[in-house]
Amino acid sequence: MPELPEVETTRRGILPATKGRSVSAVVLRERRLRWPIDPALPSLITGRLLENIERRAKYLLFRFANGTLLVHLGMSGSLRLIEGAPPPPRKHDHVDLVFEGGALLRYHDPRRFGCMLWIEGDASAHPLLRDLGPEPLEEAFDGAVLFRASRGRRSAVKQLLMDGTVVVGVGNIYASEALFRAGIDPRRAAGKVSAARYEALASAVREVLGESVATGGTTLRDYVDSNGRPGEFALRLNVYGREGEACPRCAAAIRQVRLGQRSTFFCIGCQR
DNA sequence: ACTGGATCCTGACTGC
DNA sequence: TGCAGTCAGGATCCAG
């Protein structure tokens, strides 16, 4: 799936053709996502103006005057912008949002871990958004946030980094990459990492995510952007997926371990 | 309150 | 060519 940079790339890609336009039709082909799509969705947003598309963590928030459509791409989802005559839907093209003027957003998600939820009223109070930590690319996120959250925690620092109540948007790839840049062993107990090292880690998170957003996200497997194109691969991954290869910094072999059921890559020479 | 584990689902890939 | 097993970018939910 899309990690934060891929979701942000999608948001930027679909915004110009959809913001300020009215929805002319909604096609639901498959409602069984992580939670079922409300069958009333078409009647709720057809004829309504899409005021904006915002992002919180890896959620996209489609803002209408009468509510918010909360969209998550899960592990395998994509949202594709189609302008002009739409091709016939492929397998797993579950939803179309059609806009006046012809632009169409097509939601594709083979594994169906994503969601499309209608929220009335204050979306930020919704249980899925309420308890989320700060955005990693905004001012509120720094080393002190990580340090405070880590005290007394015995689980691995990588798991702290991927805990959405601590900081949002750091997925499995970028967690490994940020820890590599900061020189921290992903297995280290979160509560035993110093404040100074958390400053370095917070900077590394900002760097990695910032660079990736700037270059349109990273492609692995089946990620495509809103134009259906794969990401640029412009952000070089130093350790993720490179078990056995030479560390770009010290040439030691990169190791792979499992942490919290997720593959984790690191350099035993550079990361302590 | 924190922690690890199971879980949702399809598809790509590996080894026999 | 088929079949079984493993793994995948997420994150919620539940038991202990």
Side-chain angles (χ1 to χ4, degrees), chain A residues 1-10 29-37 55-60 70-79 90-95 107-117 126-133 136 146 148-179 186-192 205 208-209 212-213 215-225 230-233 235-243 256-265:
Chain A
M1 133 122 182
E3 295 207 27
L4 185 145
E6 290 74 32
V7 177
E8 180 60 22
T9 299
T10 296
R29 294 185 200 87
E30 174 60 84
R31 295 198 300 115
R32 295 175 303 164
L33 303 185
R34 170 152 206 166
W35 300 284
I37 300 174
R55 181 186 58 72
R56 176 77 175 100
K58 295 171 191 165
Y59 291 97
L60 289 172
L70 186 69
V71 176
H72 198 291
L73 302 176
M75 291 267 255
S76 58
S78 63
L79 209 44
R90 297 165 300 164
K91 197 175 182 186
H92 307 305
D93 281 344
H94 305 316
V95 180
Y107 179 84
H108 178 86
D109 184 6
R111 292 176 75 179
R112 289 190 277 120
F113 285 181
C115 68
M116 202 172 275
L117 293 176
H126 190 278
L128 292 173
L129 302 179
R130 196 181 48 200
D131 303 321
L132 293 177
L146 294 176
R148 245 180 284 121
S150 69
R151 294 307 91 181
R153 282 177 77 146
R154 298 162 65 180
S155 53
V157 59
K158 176 169 177 257
Q159 286 165 287
L160 180 87
L161 206 49
M162 293 180 66
D163 181 340
T165 66
V166 175
V167 58
V168 301
V170 186
N172 200 38
I173 296 179
Y174 296 122
S176 279
E177 293 297 317
L179 285 157
R187 301 168 298 178
R188 180 170 287 274
K192 294 192 166 181
V205 166
V208 171
L209 293 179
S212 187
V213 168
T215 58
T218 304
T219 291
L220 227 57
R221 264 168 280 283
D222 51 6
Y223 168 74
V224 290
D225 67 15
E232 300 287 313
F233 266 119
L235 178 72
R236 178 190 158 77
L237 299 177
N238 286 302
V239 290
Y240 188 86
R242 296 184 179 274
E243 195 207 2
Q256 175 176 11
V257 294
R258 280 192 99 69
L259 234 39
Q261 304 161 242
R262 310 302 297 277
S263 282
T264 304
F265 299 87

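Reminder, nothing fancy here: chain letters follow the sequence lines and each chain counts from 1.
The distance between atom CD of E243(A) and atom C1' of dC7(C), rounded to the nearest whole Å, is 13 Å. Taking atom CG of residue D109(A) and atom P of nucleotide dG11(B), one finds them 11 Å apart after rounding to whole Å. Taking atom CG of residue N172(A) and atom P of nucleotide dA8(C), one finds them 8 Å apart after rounding to whole Å. Distance OH (Y174(A)) to P (dA11(C)): 14 Å, rounded to an integer number of Å. The distance between atom CD of Q261(A) and atom P of dT3(B), rounded to the nearest whole Å, is 15 Å. Here dA8(C) presents its P atom at 17 Å from CD of E6(A), a figure rounded to the nearest Å. Atom CE of M75(A) is separated from atom P of dA12(B) by 15 Å (rounded to the nearest Å). Atom CG in L33(A) sits roughly 15 Å away from atom P in dT12(C) (whole-Å rounding).
For H92(A) and dC9(B), the shortest distance from a side-chain N or O to OP1 or OP2 is not below 4.0 Å. OP1 or OP2 of dA11(C) sits under 4.0 Å from a side-chain N or O of H72(A). Remark: R258(A) is in phosphate contact with dA8(C), judged by side-chain N or O atoms under 4.0 Å from OP1 or OP2. The side chain of R262(A) contributes an N or O atom lying less than 4.0 Å from OP1 or OP2 of dG10(C). Note on Y59(A): a side-chain N or O is less than 4.0 Å away from OP1 or OP2 of dT12(C). Residue K91(A) has a polar side-chain atom (N or O) positioned under 4.0 Å from OP1 or OP2 of dG11(B). Remark: S155(A) is in phosphate contact with dT3(B), judged by side-chain N or O atoms under 4.0 Å from OP1 or OP2. Phosphate contact (OP1/OP2 of dT3(B), side-chain N/O of R154(A), threshold under 4.0 Å): absent.
Looking at S176(A), its side chain never comes within 3.5 Å of a backbone N or O of Y240(A) through a donor-acceptor pair. Without hydrogens or angle criteria, R151(A) side chain to G191(A) main chain gives a donor-acceptor distance under 3.5 Å. Using a distance-only test at 3.5 Å, with no hydrogens or angles considered, a donor-acceptor pair links the side chain of T264(A) to the main chain of R262(A). A donor-acceptor pair under 3.5 Å is formed between the side chain of E3(A) and the backbone N or O of G171(A). No donor-acceptor distance shorter than 3.5 angstrom exists from the side chain of S212(A) to the backbone of P5(A), with no hydrogens or angles considered.
Nearest approach of L179(A) to P186(A), heavy atoms of both residues: CD1-CB, 3.8 Å.
Backbone-only contact: Q159(A) has heavy atoms under 4.0 Å from sugar-phosphate atoms and none from a base. R32(A) comes within 4.0 angstrom of no nucleic acid atom, judged by non-hydrogen atoms across all strands. Across all strands shown, R34(A) has heavy atoms under 4.0 Å from base atoms, whether or not it also approaches the sugar-phosphate.
Distances were taken from every side-chain heavy atom of R153(A) (C-beta onward) to each of dA8(C), dG10(C), dC2(B); the shortest belongs to dC2(B). Side-chain proximity of R111(A) to the nucleotides dA8(C), dC13(C), dA11(C) is greatest for dA8(C).
Look at F113(A) and the base of dC8(B); the rings stack, centres closer than 5.5 Å and planes less than 30° apart.
Summarising the geometry, atom CG belonging to N238(A) is positioned 5.0 Å from atom CD belonging to E177(A); distances are rounded to the nearest 0.5 Å.
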Its dot-bracket string being built from Watson-Crick and G-U pairs below 3.5 Å, with | for another strand and [ ] for crossing, DNA chain C has the pattern .|||||||.|||||||
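Taking only distance into account, the side chain of R112(A) never meets the base of dC9(B) through a donor-acceptor pair shorter than 3.5 Å.
Between P2(A) and T10(A) there is no side-chain heavy-atom pair separated by less than 4.5 Å.
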